[in-house]
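Notes for the one structure printed next.
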Amino acid sequence: MLKMTEQKTFELAGMRWSVLDKTDKGYLCIAENIGDKKFDRKCNNWKVSELREYLNGEFLVKLEATIGSENIVSFERDLLSLDGQTEYGTCEEKVSLLTVDEYRKYRKALPNTGKWWWLITPDSTPCNNDDCFVRVVASSGSICLNYYYDSIGVRPVCIFPFSIFESEEN
């Protein structure tokens, strides 16, 4: 059982997590920055990115070893580009990053960190001859763009079921 503080934060697998929202599947949570990583070496498509592979591979194994695979809920991700392209579609996963729209929605709960960190929203897609840029959060909290091959901060997002928390307020 995880113990949540009054500020809706908790420790899990050596990381501090914050609750962003209560969904029908559980709590949508974001971790503090786990370090700098490249989004990918070849493109801005989250579905095939090295960062997605790491988060839903090695990183997920670490989480599952701590709380069990049944306590990390799969959820759908919309890969709509900033300019409205739907070429990348959607995907289902257990560990992700926020989209631009989610960042705007939860901005009040996300104080500036003094570091840059990835979002999963591409700037555009190959149909516009642009698969170079991914949206990021700057140290000031503003939304900027960055080349996919740069190394910047990673803040994983997961949904955890209500049942694993000690002081549930369902």
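Computed from a predicted model, the values in this text were never measured in an experiment.
Remark: aromatic rings of F39 and Y147 are distant, center separation not under 6.0 Å. For F133 and Y148, the ring centers sit 6.0 Å or farther from each other.
Of the residues F162, F75, W17, F160, the one that meets the ring-ring contact (aromatic ring centres under 6.0 Å, His included) test with Y27 is F162. If you run side chain to side chain donor-acceptor pair (under 3.5 Å) between R135 and each of T99, N44, T121, D123, only D123 comes through. Residue I72 is tested with T66, I164, L63 for a side-chain contact (heavy atoms from CB on, under 4.5 Å); the sole match is L63.
Considering only heavy atoms from C-beta on, V137 stays 4.5 Å or farther from K115 through its side chain.
In this structure, D24 CG and I159 CD1 are separated by 8.0 Å, a value rounded to the nearest 0.5 Å.
Every pair passing ring pair (Phe, Tyr, Trp, His ring centres under 6.0 Å) that includes a residue from residues 78-111 is listed here, sequence neighbours excluded: Y103-W117.
By the neighbour-count criterion of 12 heavy atoms within 6.0 Å, atom NZ of K47 is densely surrounded, having more than that number from other residues, nucleotides or ligands. At most 12 heavy atoms of other shown residues, nucleotides or ligands fall within 6.0 angstrom of atom CD in E53.
One finds no salt bridge joining E50 and K38 here, because no Lys/Arg side-chain nitrogen approaches an Asp/Glu carboxylate oxygen to under 4.0 Å.
Using modelled atom types and a 3.5 Å distance limit, the side chains of S81 and D83 yield a donor-acceptor pair.
With hydrogens and angles ignored, the 3.5 Å screen pairs no side-chain donor or acceptor of D131 with any backbone N or O of T125.
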